Protein chains: 2
Amino acid sequence: MTLTTTSYAILGQLALQPWTMYDLAAQMRRNVTFFFPRAESQVYAEPKRLVERGLATADTEATGKRARTVYSITEAGRAELARWLAEPATKPPQLEFEGLLRVMFAPYGRDEDLARTLDQVRDDIGGMLDTANRIRDEYLEGRAPFQRHVVHRAIMHDFLSSFADLVDEWAERSAARIAKWPEQSDEERLADALEVVRRKPRRTRRRPKQA
Amino acid sequence: MTLTTTSYAILGQLALQPWTMYDLAAQMRRNVTFFFPRAESQVYAEPKRLVERGLATADTEATGKRARTVYSITEAGRAELARWLAEPATKPPQLEFEGLLRVMFAPYGRDEDLARTLDQVRDDIGGMLDTANRIRDEYLEGRAPFQRHVVHRAIMHDFLSSFADLVDEWAERSAARIAKWPEQSDEERLADALEVVRRKPRRTRRRPKQA
DNA sequence: TCTATATACTCCATTTCGGAGTATGGCATT
DNA sequence: AATGCCATACTCCGAAATGGAGTATATAGA
């Protein structure tokens with residue numbers, strides 16, 4: 001099979017430095033997972049494919065009796081990464097948000113279920129908020145693991161922290177609104193809802209779609 | 001096997017009205033795909049499982065020689081949906097954003113690749129922006145397909161249009177910043193990056209994590 | 001010394017994806 | 001009246017990916 005986006009995700013990490021898959025898996029679980037989640041089994045499987053194609057090399061070291069494999073990128077690997085970076089992305093930004101599905105079907109459940117769903121969303125996004133704040137501090141204090149790439153990482157961080165903020169703010173304001181439902185009339189609830197829909201200044205597609 | 005979140009996504013749609021899978025697949029491709037994307041083959045496969053479990057019924061109609069199957073929810077299906085709505089979500093909001101991976105590895109490519117990536121992000125999010133604006137107009141003019149659920153749909157719409165705006169705004173401001181790189185010194189670029197990281201008022205986790 | 005946790009992976013059944021394939025209906029064009 | 005094309009209405013299947021469970025050694029603390 002041909003290389004997948006996951007392959008390039010790993011190849012790119014190897015461009016930064018050599019890694020054991022254990023460390024890389026841990027690293028991805030802490031950061032990359034927030035914008036490109038992969039199963040751990042995949043993280044372990046990919047570098048073997050990279051080695052097969054000559055894009056990486058594997059070196060076996062030992063700590064006592066336990067072996068560990070350190071993977072490094074090759075020149076061919078760097079060239080392939082550069083080639084990939086010049087290609088267009090294969091997929092648009094995608095969201096997978098079970099909580100929104102629950103909001104969609106909320107008319108068939110109880111209002112307190114919806115309140116709990118929104119509450120859980122705030123808990124769930126907490127980890128991302130924490131991570132974003134930790135990374136922010138690391139860069140500002142100049143002690144981030146890849147401080148040399150701060151110019152690019154700042155762009156990433158801008159997106160991820162904006163996203164986490166959005167989710168948290170949305171859940172907060174929505175919870176505040178549904179908390180008022182019990183003492184509101186149907187008309188008031190309706191007016192509130194339309195106000196929410198209306199409020200935003202609509203941002204439109206930059207370029208009209210071509211025929 | 002047990003029902004998956006995808007099963008409930010379909011079950012919820014059937015609670016709204018009976019559907020043929022063709023119409024439902026088209027409907028999901030237009031809306032649900034933005035926050036819970038599934039392969040079309042899955043959308044066709046799910047209702048058969050629902051029928052097996054007595055949560056839906058299938059009625060075969062005919063248009064000339066061509067058969068079509070209309071699926072409807074049963075009382076047991078409505079009960080199961082209500083039960084599911086009271087459960088906590090199985091997954092946090094998840095993002096899958098190849099473009100951010102390209103930003104992360106941008107130091108190994110050319111600046112113009114990065115510019116093109118951000119440009120493509122804006123094109124890619126255009127569809128979502130269009131859809132959000134169309135839905136907004138439908139609700140404000142009172143002609144949305146599920147106008148009766150506007151109180152809940154407003155919450156969904158708030159999130160989706162905020163998300164699309166975020167992506168578009170982020171890509172726009174990031175592209176504007178990298179456009180200035182050629183005439184900036186390393187120090188200026190660095191100062192700009194740190195400014196981006198610093199700027200945001202940091203939103204923190206609502207409840208401290210429990211030990 | 002014992003135990004728990006961290007390191008360092010492998011394996012695999014089940015699910016999902018994504019694209020190709022099949023066939024009819026209905027409308028517009030020639 | 002025949003033709004072509006797009007919409008309707010699905011089925012099928014190989015190739016990935018997921019999400020645990022399982023194995024074994026190292027190390028730090030009680």
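The chains referred to below are lettered A, B, ... by the order of the sequence lines, with proteins before strands, and numbering in each begins at 1. Basis for what follows: all heavy atoms, side chains included, without hydrogens, waters or symmetry-related copies. Since this is a predicted model, take the numbers as computed values, not measurements.
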Tell me, please, whether B:W84 has A:R102 positioned over its six-membered ring: NZ or CZ under 6.0 Å from the ring centre and within 45 degrees of its axis? yes
Distance check, rounded to the nearest 0.5 Å: A:I73 atom CD1 versus B:Y108 atom OH? 8.0 Å
Is the ring centre of A:W181 less than 6.0 Å from the ring centre of B:H152? yes
In whole Å, what is the span from the CG atom of A:L3 to the P atom of D:dA15? 16 Å
In whole angstroms, how far is the P atom of C:dC17 from the NZ atom of A:K91? 9 Å
Between CD1 of B:I10 and C1' of C:dT16 the distance, given in whole Å, is 14 Å
Using a cut-off of under 3.5 Å, enumerate the N/O to N/O pairs linking the protein to nucleotides 9-13 of chain D.
{"from": "D:dA9", "atom 1": "OP1", "to": "B:R68", "atom 2": "NH1", "distance (Å)": "2.7"}
{"from": "D:dA9", "atom 1": "OP2", "to": "B:R68", "atom 2": "NH1", "distance (Å)": "3.3"}
{"from": "D:dC10", "atom 1": "OP1", "to": "B:T69", "atom 2": "N", "distance (Å)": "3.3"}
{"from": "D:dC10", "atom 1": "OP1", "to": "B:T69", "atom 2": "OG1", "distance (Å)": "3.3"}
{"from": "D:dC10", "atom 1": "OP2", "to": "B:T69", "atom 2": "N", "distance (Å)": "3.4"}
{"from": "D:dT11", "atom 1": "OP1", "to": "B:K48", "atom 2": "NZ", "distance (Å)": "3.0"}
{"from": "D:dT11", "atom 1": "OP2", "to": "B:K48", "atom 2": "NZ", "distance (Å)": "3.1"}

Between OH of A:Y8 and P of D:dA16 the distance, given in whole Å, is 13 Å
Note: contacts of residues 24-33 of chain A with DNA chain C (heavy atom, under 4.0 Å) are none
Categorize A:P37 for me: base, sugar-phosphate, or nothing, with a 4.0 angstrom heavy-atom threshold over every strand shown. sugar-phosphate
How many whole angstroms separate atom CD of B:E98 from atom P of C:dC17? 17 Å
Compare all side-chain heavy atoms of A:F159 with those of B:L95 and state whether any distance is below 4.5 angstrom. yes
Whole angstrom value for the distance that separates P of C:dA8 from CG of A:D59: 15 Å
Would you say B:E172 and B:D168 make side-chain contact, with heavy atoms under 4.5 Å? no
Taking atom P of D:dT8 as reference, at what distance in whole Å does atom CH2 of B:W19 sit? 13 Å
Given side chains that start at C-beta, do those of B:E96 and A:R38 come closer than 4.5 Å, heavy atoms only? yes
Contact check, side chains of B:P93 and A:I125, non-hydrogen atoms, under 4.5 Å: yes
Distance test, side-chain N/O of A:K65 to OP1/OP2 of C:dA8, below 4.0 Å: no
Should the pair A:D113-A:R110 be classified as a salt bridge under the 4.0 Å nitrogen-to-oxygen rule? yes
Does the ring centre of B:W19 sit less than 6.0 Å away from the ring centre of B:Y44? no
For A:Q94 and C:dC17, what is the distance between atoms CD and C1' respectively, to the nearest whole Å? 11 Å
